[in-house]
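Worksheet for the structure shown next.
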Amino acid sequence: MDEIRPTDIDQKWQKKWRETNLHNADFLGTDKPKYYNLVMFPYPSAAKLHIGHWYNYGGSDLWGRYMRMKGFNVFEPMGFDSFGLPAENYAVKTGVHPMDSTYENIKIMCEQLSAVGTMYDWDKKVVTSDPEYYKWTQWIFLKFFEAGLANRRMAPVNWCPKCQTCLANEQVKEGKCDRCSSEVVKKDMEQWFFNIKKYAERLLNFEGLDWPEKTKMMQKDWIGKSEGVNFKHKIKDLDIEFEVFDSIPQTFMAQTFVIIAPDHPLVKRLVEGTEHEKPVMDFVKKIEKKRLNKKFDIDADMEGVFTGRYSENYMGTGKDLPIWVASFALMDYGTGIVGCSAHDERDFAFAKMYNLPLHPVLFPEDKSHAEKVKNLEVFYREPDGILHEPKEFEGMKWHEARKPIIDHIEKKKFGTRTINYKLHDWLLSRQRYWGAPIPVVYCEKCKADGSAPGGIVAIPEKDLPVLLPRNVDFIPRGKSPLHYCDEFMKTTCPKCGGPAERESDTMDTFVDSSWYFLRYLSPKNEENAFDKKIIKKWMPVDMYIGGAEHACMHLIYARFFTMVLHDLGYIDFDEPFKRLVHQGTITKDSAKMSKSKGNVVSPDSFIEKYGSDVFRMYLMFIGPFVAGGDWSDKGITGVARFERKFKDIIFGDDEVKNKEEMLRVIHKTIKRVTESMEAFQFNTAIAAMMEFTNEIGACGIDAESKKTMVRLIAPFAPHTAEELWEKLDQKYSVFDVNVSGGWPKFDEKYLVTSVLELPVQINGKLRAVITVPVDDAKEKILECAKNESNVKKYFEGAQIVKEIYVPGKLVGFVVK
RNA sequence: GCCGAAGUGGCGGAAUGGCAGACGCGCACGACUCAAAAUCGUGUACUCGUAAGGGUGUGAGGGUUCAAGUCCCUCCUUCGGCACCA
């Protein structure tokens with residue numbers, strides 16, 4: 001007999017699905033409720049799909065198929081996040097143009113993806129590097145620009161002086177250039193930002209989102225909201241005022257010195273022309289270099305230098321506070337200047353280090369402990385500490401004093417209530433070729449006559465897209481390849497018609513991926529970025545599956561874009577992803593798979609041997625989808641056996657030996673699989689079907705139940721299910737709910753048995769199991785339990801204190 | 001350092017406060033076979049016992065409860081995130 005290869009079955013059905021357009025979503029023409037089942041799209045790599053891809057896409061597809069079987073109109077798209085640095089690096093190395101390598105990779109990847117057997121609607125594919133796509137990325141940029149949410153300002157970049165080029169953070173290795181190993185420096189350049197900080201508060205609201213708590217927590221931490229006070233200071237002998245942020249303003253009277261970030265623009269003005277200029281500016285340079293190394297150790301790297309300046313008459317106390325430059329002060333948090341006190345651990349350590357004054361105002365109740373705090377022997381800050389200053393709040397506890405003290409500070413006009421966020425504005429400029437060009441030009445004439453601030457003139461919508469030129473040189477010779485491409489750079493100003501120069505920066509690829517879920521819904525629309533009518537019906541995304549590594553960047557940016565598009569009136573919802581699930585990781589021998597470790601498991605041989613279904617199912621069986629699990633070459637045989645047994649049952653005779661028992665097994669299985677699915681526990685759903693194969697032999701199965709079981713296994717093993725469905729002489733397709741009836745329903749009435757097995761516990765310990773008729777009364781059951789010989793003996797010489805009966809669950813006695 | 005999650009057989013893992021170890025791998029024995037593989041059957045936490053039955057057991061230690069893997073407190077370990085955020 002000729003062996004039928006599993007991959008033949010896979011291909012047969014993949015082909016049929018494609019030919020019959022089974023998975024093409026009908027956006028507007030059906031009454032079925034919609035379900036937008038989204039999985040994070042990949043970067044098109046030349047490498048083969050690995051186990052992680054199969055796990056991610058297989059799990060997402062399993063869910064989509066389940067929802068489809070439940071009667072939803074499921075839309076499951078796939079596309080490519082195809083701009084990015086790797087293709088450009090590859091071009092530098094090999095000379096192969098990103099436009100060629102990227103699309104070649106996409107082609108290969110599409111073929112591989114179809115082997116997974118997912119129900120992607122390939123008609124709706126989006127590729128972010130297609131001009132038809134990035135035209136609208138540019139359009140969105142313009143809308144942000146018009147709304148004042150995109151602007152240009154100076155910001156430091158990593159600069160390699162030898163290569164004369166900007167480096168991405170990943171290209172800086174321990175402060176050195178990845179390519180030539182020369183020291184990287186920070187250099188200020190004009191760059192584009194999205195003002196995401198304006199949305200910080202809204203991004204903290206997760207109301208109505210079914211997201212993992214952990215992800216929400218991570219986003220909260222990332223946004224880093226902190227409430228406090230901005231205190232006013234004035235520099236002695238200079239006509240300069242500044243503010244310092246303090247999130248614990250209760251102890252403001254303890255402030256004895258001020259530190260300023262090395263990269264703060266004020267530093268230079270403080271020391272200009274004084275004896276401190278040289279030591280301070282040398283220090284600033286030293287810290288800048290150190291920070292490039294990124295590994296800042298608070299203990300090892302805490303240092304500072306005195307500026308020679310003072311903050312005058314602090315809060316009217318008559319005291320002047322010395323101003324220092326300190327390595328640990330950050331320019332991009334708060335005001336970049338800090339008021340330091342004895343009640344901040346780092347300030348305390350810094351003061352000790354440089355013998356700066358400290359003045360504690362918060363003390364513990366314990367006398368001897370308080371004495372130590374007073375003598376500066378120990379650092380102290382506890383919520384129940386007692387304040388000694390200011391005198392209006394003497395004796396109050398630290399945590400109780402917060403609000404009244406802030407009121408006091410505002411009344412006295414010492415400072416104002418302020419909120420700070422760790423979240424930075426989104427720097428979207430990339431000095432790179434392989435990205436969407438930022439659609440603006442710089443016009444000297446418009447700058448000079450004041451008609452365009454900064455000379456920035458936006459490209460009109462009708463002239464989009466600003467096409468990425470093909471004819472560029474990838475040999476590194478300084479700036480990004482676009483700089484040297486005259487046909488791109490030299491243009492005319494859309495405003496005045498005079499000569500203008502294009503922006504040569506491209507956009508961060510996170511911009512591309514911040515709205516792709518909208519484009520999937522009308523990928524070929526030439527008039528608009530998205531079709532309002534379809535968007536209204538289909539958004540938000542019902543289920544979004546993807547890696548936890550995107551918890552902060554991508555998932556915050558996509559929410560931000562959605563909020564802005566909502567505020568600009570383009571869409572009527574402001575959260576893109578209603579439900580979010582992160583898949584776990586598949587490990588090998590409990591270690592992450594990586595090329596360097598050499599422990600990568602290649603799917604190929606397993607798919608060849610067992611087919612897509614068994615491979616997919618085994619991955620889902622390893623553990624809960626959100627947890628991942630450990631791959632075992634042998635473990636897959638268990639699922640292969642199950643698949644074979646399942647097929648044998650369906651191919652076998654329709655012979656029922658015990659109908660009641662058969663119905664009980666079938667309905668129990670439907671119930672358990674359904675409940676597992678609803679709990680997103682694919683592993684236990686498969687286990688329930690395995691139990692079915694173990695149990696059904698004893699009672700036999702009829703034709704109707706076979707159909708039920710094929711529908712049940714369909715989301716897990718789609719090719720096998722189609723094959724079996726056909727073998728049962730059913731019409732194509734098992735996934736067409738109108739044909740197959742969709743997801744089976746269970747009926748509790750078949751689950752009821754006539755007798756019940758009840759455990760009997762004495763003092764919480766299991767002593768016997770009794771079998772009783774299911775509708776027996778409590779008294780009768782307790783009586784029956786008491787008469788059990790192994791129970792009886794525990795009553796001898798003892799007294800029954802309590803009798804417990806949990807209906808249907810257990811009988812218990814407490815004896816003394 | 002801070003925040004979060006998780007610790008269950010030889011292994012992956014199951015268990016709305018109610019029979020711990022479902023399901024699978026592996027292993028042992030048996031059937032089939034000249035033999036092996038495949039397949040099928042039986043068993044499989046540790047421990048005492050021929051057995052019936054008993055004792056111990058979900059990272060460690062306490063607690064709540066008739067009953068705790070599950071709830072509460074302390075600690076340990078592992079993993080993930082943030083890491084000078086004033």
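Each chain gets a letter, A, B and so on, in the order its sequence line appears, and its residues count up from 1. Since the model is a prediction, treat every value here as computed from it, not as a measurement.
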Considering only [options], which nucleotide approaches the side chain of [X] most closely?
X: A:Lys793; options: B:G80, B:G54, B:A86; answer: B:G54
X: A:Asp630; options: B:G80, B:A86, B:G12; answer: B:G12
X: A:Arg644; options: B:A86, B:C40, B:G53; answer: B:C40

Roughly how many Å apart are [M] and [N], using the [atom1] atom of each and rounding to a whole number?
N: B:U77; M: B:C85; atom1: P; result: 25 Å
N: B:U16; M: B:G4; atom1: C1'; result: 25 Å
N: B:C23; M: B:U33; atom1: P; result: 30 Å
N: B:C75; M: B:G24; atom1: C1'; result: 35 Å
N: B:C25; M: B:A14; atom1: C1'; result: 15 Å
N: B:C73; M: B:U64; atom1: C1'; result: 11 Å
N: B:G53; M: B:U58; atom1: P; result: 24 Å

> Between A:Phe348 and A:His343, is the ring centre distance below 6.0 Å?
Replying inline: no

> For the residue pair A:Tyr354 and A:Phe257, is the inter-centroid distance of their aromatic rings smaller than 6.0 Å?
Replying inline: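 Centroid distance A:Tyr354-A:Phe257: not below 6.0 Å, so no.
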
> What residues, two or more places apart in sequence or in another chain, satisfy side chain to side chain donor-acceptor pair (under 3.5 Å) together with A:Glu201?
Replying inline: A:Lys225, A:Tyr421

Round to a whole Å and report the spacing from [atom1] of [X] to [atom2] of [N].
X: A:Phe642; N: B:C40; atom1: CZ; atom2: P; result: 14 Å
X: A:Glu803; N: B:C66; atom1: CD; atom2: P; result: 15 Å
X: A:Glu243; N: B:A86; atom1: CD; atom2: P; result: 17 Å

Polar atoms only, N or O, under 3.5 Å: list the protein pairs with nucleotides 22-30 of chain B and their distances.
unit_1	atom_1	unit_2	atom_2	d
B:A22	O2'	A:Glu691	OE2	3.1
B:G24	OP1	A:Asn694	ND2	3.2
B:C25	OP1	A:Arg641	NH1	2.4

> Using a heavy-atom distance cut-off of less than 4.0 Å, which residues of residues 416-423 of chain A contact RNA chain B?
Replying inline: A:Lys422

>> Using OP1 and OP2 only, check whether a side-chain N or O of A:Ser247 sits under 4.0 Å from B:A86.
In response: yes

>> Less than 4.0 angstrom between a side-chain N/O of A:Lys765 and OP1 or OP2 of B:U56, yes or no?
In response: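 For B:U56, OP1 or OP2 has a side-chain N or O of A:Lys765 closer than 4.0 Å.
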
Interface polar pairs with nucleotides 71-73 of chain B, N/O, under 3.5 angstrom:
none

> Mind checking what makes side-chain contact (heavy atoms from CB on, under 4.5 Å) contact with A:Ala685, not counting sequence neighbours?
Replying inline: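 For A:Ala685 the side-chain contact (heavy atoms from CB on, under 4.5 Å) partners, ignoring immediate neighbours, are A:Val673, A:Ser676, A:Met677, A:Phe716.
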
>> Take a 6.0 Å sphere around NZ of A:Lys352 and say whether it holds more than 12 heavy atoms from other residues, nucleotides or ligands.
In response: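 Above 12, so yes.
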
Pairs: protein N or O with nucleotides 17-20 of chain B N or O, under 3.5 Å:
unit_1	atom_1	unit_2	atom_2	d
B:G18	N2	A:Gln761	OE1	2.9

